[in-house]
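Okay, structure first, notes after.
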Protein chains: 2
Amino acid sequence: MPRRVDPVKHAAKRQHILDSAAVLIAEQGYDRTTTSQLCSQAGISLGTLYHYFPGKKQIFLAVLTQDQQDTATLLDGLLDAEQSDAVEALMTFVQHLAEPATAHPFVPKLVLEAMLQAHRDPEIRSTLEGAETSERDGIRRLLARATAAGQVDQELNSDDAVAWISALINALYLEAAMNPTFDAATQLPLLMRTVRGLLRSPGKQHPRA
Amino acid sequence: MPRRVDPVKHAAKRQHILDSAAVLIAEQGYDRTTTSQLCSQAGISLGTLYHYFPGKKQIFLAVLTQDQQDTATLLDGLLDAEQSDAVEALMTFVQHLAEPATAHPFVPKLVLEAMLQAHRDPEIRSTLEGAETSERDGIRRLLARATAAGQVDQELNSDDAVAWISALINALYLEAAMNPTFDAATQLPLLMRTVRGLLRSPGKQHPRA
DNA sequence: GTCTATAAACAGATAGAC
DNA sequence: GTCTATCTGTTTATAGAC
């Protein structure tokens with residue numbers, strides 16, 4: 001005995017609303033995007049929108065939550081993997097964190113909008129906090145392994161290094177979102193190079209193998 | 001025969017409105033900040049605000065313009081100065097571009113808000129464009145000098161390098177604005193170190209003098 | 001489930017008294 | 001020059017017909 005028509009159809013439409021909302025909010029920003037625009041973009045009316053979501057803010061939170069789950073899944077897989085070269089493991093992790101910025105132009109814009117709004121709205125902040133923490137934590141653990149293996153400049157403060165590797169990844173998102181001449185996919189290798197430069201001692205060669 | 005009461009008093013009050021507006025907009029964002037809030041923060045009424053400015057947007061533009069003038073003046077002075085070591089000249093320039101981020105917590109927040117809004121509003125974009133262009137142009141010229149002097153990795157693409165030095169400076173502003181545990185003043189030296197790491201060849205020592 | 005019509009609150013901006 | 005009172009349009013959200 002099936003439950004009328006709901007099962008997948010409802011979830012699919014909900015997802016469709018979320019997808020179109022993500023693009024619109026990325027382009028215009030959360031504050032400037034009206035619920036009416038959200039409706040016309042999704043091809044539905046106001047009444048229908050409020051049938052699927054209790055309010056505008058919840059739509060934004062739902063958009064952020066699904067992105068967060070993608071990232072979390074990605075990170076967990078990478079942290080489990082054992083690799084011989086600790087620096088290369090760290091670099092792989094960094095690359096995977098940076099890669100979404102190259103997927104589609106709206107992605108870095110959405111990430112940046114989320115970061116800004118998180119700074120102003122407690123609800124959005126707590127939604128994002130988990131992802132950021134696990135991101136930094138992953139970097140920290142992999143960096144510790146690389147340092148223990150003597151592959152990183154001993155004088156480089158661990159907390160500072162984590163902060164700056166994280167900052168460099170954020171910089172890729174920032175430039176991809178703001179600078180029209182900046183192509184994230186092309187610039188990704190240079191991000192990797194810069195991270196390596198940060199880890200390497202200023203006065204010494206990185207000891208290979 | 002003096003002109004009634006206007007001369008300095010008007011300019012001083014205008015400036016006071018701008019100063020309080022800058023802090024408020026930095027904290028809340030432009031869209032979330034209402035004209036009423038701008039008034040109560042400045043200690044005046046709505047009617048008075050519109051006596052000094054034609055509208056909300058013009059207040060924001062005025063805030064950005066004055067910041068821009070400070071930066072432009074700073075850059076010009078640095079570009080004129082001749083220095084023996086070309087890399088050091090570049091590093092001095094980078095440091096001066098990054099330094100405002102360490103001045104007061106609201107400064108990086110305001111800069112970031114401006115960058116976001118510039119991406120969405122043509123008027124704000126054109127107001128900011130001049131500053132960004134002269135910033136990148138300064139980096140480009142100083143980098144060219146350093147490259148000509150053989151102090152920079154020959155294989156490093158010039159445009160990429162400019163983009164990433166600029167991105168690193170923006171990263172300092174971004175982290176200072178978003179990350180409460182990130183102290184811009186403390187992290188400035190590490191920014192300098194990272195820029196040096198970027199310029200240095202991955203396989204060779206930076207040839208000193 | 002989806003729509004149209006509408007309520008309730010609030011935004012930016014103006015009028016005009018003092 | 002500065003204020004209070006008010007206009008006008010828009011925004012989020014709800015009611016209720018189909």
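Order of the sequence lines sets the chain letters (A, B, ...), proteins ahead of strands, with each chain counted from 1.
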Rounded to whole Å, please give me the gap between [atom1] in [X] and [atom2] in [N].
X	N	atom1	atom2	value
B/Ile44	D/dT4	CD1	C1'	14 Å
A/Arg32	D/dT10	CZ	P	15 Å
B/Gln28	C/dA11	CD	P	11 Å
A/Lys9	C/dG1	NZ	C1'	10 Å

- Query: In residues 45-60 of chain B, which ones come under 4.0 Å of DNA chain C, going by heavy atoms?
  - Reply: B/Leu46, B/Tyr50, B/Gly55, B/Lys56

Looking only at the side chains, is there a donor atom on one of [X] and [Y] sitting less than 3.5 Å from an acceptor on the other?
X	Y	value
B/Gln117	B/Glu113	yes
A/Arg200	A/Gln151	no
A/Glu99	A/Gln95	yes
A/Gln187	A/Asp183	no

- Flag the pair A/Asp160 and B/Arg193 as a salt bridge only when some basic side-chain nitrogen lies within less than 4.0 angstrom of an acidic carboxylate oxygen. no

- Sort and list the pairs that fulfil ring-ring contact (aromatic ring centres under 6.0 Å, His included) and have at least one residue in residues 118-143 of chain B, not counting sequence neighbours. none

- Query: For A/Thr35 and B/Gly43, take the nucleotide of DNA chain D holding the closest heavy atom to each; which residue's nucleotide lies nearer the 5' end?
  - Reply: B/Gly43

